[in-house]
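We use all heavy atoms of the structure for the numbers below, so side chains are in, but hydrogens, waters and symmetry mates are not. Whatever order the structure lists ligands and atoms in, that order sets their numbers, starting from 1.
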Amino acid sequence: MAQHRADFQSEIYGNGRAGAVPRLPTDLTRLESLAEHRLAPGPAGYVAGAAGDGSTARANRAALARRRIVPRMLRDVHERDLTTEVLGRTLPAPLALAPVGVLSIMHPDAERAAARAAAAQGVPFTLSSASSTPLERVAEAMGDAERWFQLYWGKDREVTRSFLARAAGAGFTVLVVTLDTPMVGWRPRDLDQAYLPFLHGVGTANYFTDPAFRAGLAKPVHEDPDAAVTHFLGLFGDTGHTWPDLAFIREHWDGPIVLKGILHPDDARLAAECGMDGVVVSNHGGRQVAGSVAAADALPRVADAVGDRLTVLFDSGVRTGDDVFKALALGARAVLLGRPYVYGLGLDGQQGVDHVLRCLLAEFDLTLALSGHAGPATVSRADLSEDPA
Ligand code: FNR
């Protein structure tokens, strides 16, 4: 009999013998409150926190919750296949891990633990520019597994050029250029604790190991770490970039490029005109602009504008298998999973990320099957009760 992601359910029940109670909840929306209880206030606030009063983060969840699936009956879903073509690669499911920086505040094994868990499930891991582990060491931990690199496009062209060359050399295939963070948003939970990991040189590993970055320092990082942090803060973001500047990125990256943080259909059209391969419809999990449009409300409009020309990915608010289904129905090719895997890491290291991925994929597989689909390709807006947008 074919293996299905849903089989994780039978495994939990012990496949007919005595089952084993999972170490973490299987309702992944419960991870946040568990993390708030178990983790230190600084790291918990950094991950759970959002811009302003949190309205965008809440809107992300509400926009997904508002859409309801209308399951269809008596369709043969006995054999299911979640395989999805994304940006020229064949993924085992329409899922990748979102880029999340500074994972060492969650667990000492940080990015490598998350990357190994992703690799074990065949899910691409997206490494942040702001990782706490240098990209080469994450690549080493992943073997041949699919990995993507997220660029924070800063002020120093040489550093950008160097990051792209290093990432390509280390086997990262897809470049994710995040556009919504030329500055960090107004985040009260961090502000109220004066907590920002970068100030302590956490989340700067790619920079501190970079020859082009180091060339801008008067002394080696270990001799004057404060100066290195100041230099990092000075070049991390660039509020002056405009669309034509993307030519520089295109010129220095041979593989697919996707722009992350796209919410307006016209920006998606501009991405296509600039020779990009895809967009991630995302508001950074509500961490940048309070009062922003919910990502799931922006998704169908972007998909309508460029779905035939660009690969449309989605994040911001995905917590459960039915969220993945809804994102596909609204026009996404695949989704990026953010906070839930980070909570899994904080609560139980690599095993915790593994748990989160297995739960999400099992629930997605079951949602597909119970809604009358044998794979992601047939999911469409017709599967939702209405589109309130
Ligand atoms: C992020 N995100 C992010 N994005 C990015 O492009 N580079 C990064 O370094 C980070 N860092 C980061 C840290 C933390 C703690 C969080 C929660 C998020 C945004 C991330 O890729 C994704 O867009 C959001 O996590 C999606 O929102 P949800 O679904 O996690 O709420």
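Proximity of R339 to ligand 1, defined as any heavy-atom pair under 4.0 Å, is shared by backbone and side chain alike. Residue contacts with ligand 1 for V176 are absent, since no atom lies close enough (heavy atoms, distance under 4.0 Å). Residue contacts with ligand 1, taken as heavy atom pairs separated by less than 4.0 Å, involve S282 solely via side-chain atoms from C-beta onward. Of all the heavy atoms of V100, the ones lying under 4.0 Å from any atom of ligand 1 are found in both the backbone and the side chain.
Judged by distance alone, the side chains of S10 and D7 never bring a donor and an acceptor atom under 3.5 Å apart. Side-chain atoms of Q121 and D354 form a donor-acceptor pair, as typed in the model, at a separation below 3.5 Å. Of the N and O atoms on the side chains of R61 and T29, not one donor lies less than 3.5 Å from an acceptor on the other residue. For the residue pair D322 / T367, no side-chain donor-acceptor distance below 3.5 Å is found, with atom types taken as modelled. Under the 3.5 Å distance criterion, with hydrogens and angles disregarded, a donor-acceptor pair is assigned to the side chains of T181 and H284. Counted by atom type alone, Q150 and W148 present zero donor-acceptor pairs between their side chains at under 3.5 Å.
Backbone and side-chain nitrogen or oxygen atoms of G317 are examined, and one is located within less than 3.5 angstrom of a nitrogen or oxygen of ligand 1.
Salt bridge absent: R301 and D304 never bring a charged side-chain N and a carboxylate O closer than 4.0 Å. Using a cut-off of 4.0 Å between Lys/Arg side-chain N and Asp/Glu carboxylate O, R319 and E32 are scored as not salt-bridged.
Short contacts between ligand 1 and A98, defined as distances under 4.0 Å to a heavy atom of the residue, involve ligand atoms 21 (O). Residue K260 has at least one heavy-atom neighbour below 4.0 Å for each of these atoms of ligand 1: 4 (N), 5 (C), 6 (O), 19 (C), 20 (C), 21 (O), 22 (C), 23 (O). The contact set between ligand 1 and V318, taken as ligand atoms under 4.0 Å from a residue heavy atom, comprises 29 (O). Interface of T178 with ligand 1, defined as ligand atoms under 4.0 Å from a residue heavy atom, comprises 5 (C), 6 (O). Atom numbering of ligand 1 starts at 1 in the shown order; those under 4.0 Å from a heavy atom of R319 are 28 (P), 29 (O), 30 (O), 31 (O). Shown in contact with V47 at under 4.0 Å from a heavy atom are these atoms of ligand 1, numbered in order with element: 15 (C), 17 (C).
For the side chain to side chain donor-acceptor pair (under 3.5 Å) test with S162, the passing option among D210, N206, D156 is D210; the others fail.
Using cut-offs of 30° and 60° for the angle between ring planes, the H241 and W153 rings count as parallel.
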Problem set entry | salt bridge (Lys or Arg N to Asp or Glu O under 4.0 Å) between D277 and R250, intermediate numbers included | CA-CA 10 Å; D277 301 280; R250 183 71 281 176; 3.0 Å; yes

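Here the heavy atom of the protein found nearest to atom 25 (O) of ligand 1 is G338 CA, 3.8 Å. Scanning all protein heavy atoms for the shortest distance to atom 22 (C) of ligand 1 gives D315 OD2, 3.3 Å. Atom 11 (N) of ligand 1 has as its closest protein heavy atom G101 N, 3.1 Å. From the protein, the heavy atom lying nearest to atom 20 (C) of ligand 1 is P99 O, 3.4 Å. Of the protein's heavy atoms, R287 NH2, 3.4 Å lies nearest to atom 15 (C) of ligand 1. Looking only at heavy atoms of the protein, atom 7 (N) of ligand 1 is closest to Y152 OH, 2.9 Å. Among protein heavy atoms, atom 27 (O) of ligand 1 sits closest to G285 CA, 3.0 Å. Here the protein heavy atom with the shortest distance to atom 9 (O) of ligand 1 is S128 OG, 2.6 Å.
A ring-centre distance under 6.0 Å is found for F213 and F208.
Residue S316 holds the heavy atom nearest to atom 26 (C) of ligand 1 of all those in A50, S316, A130.
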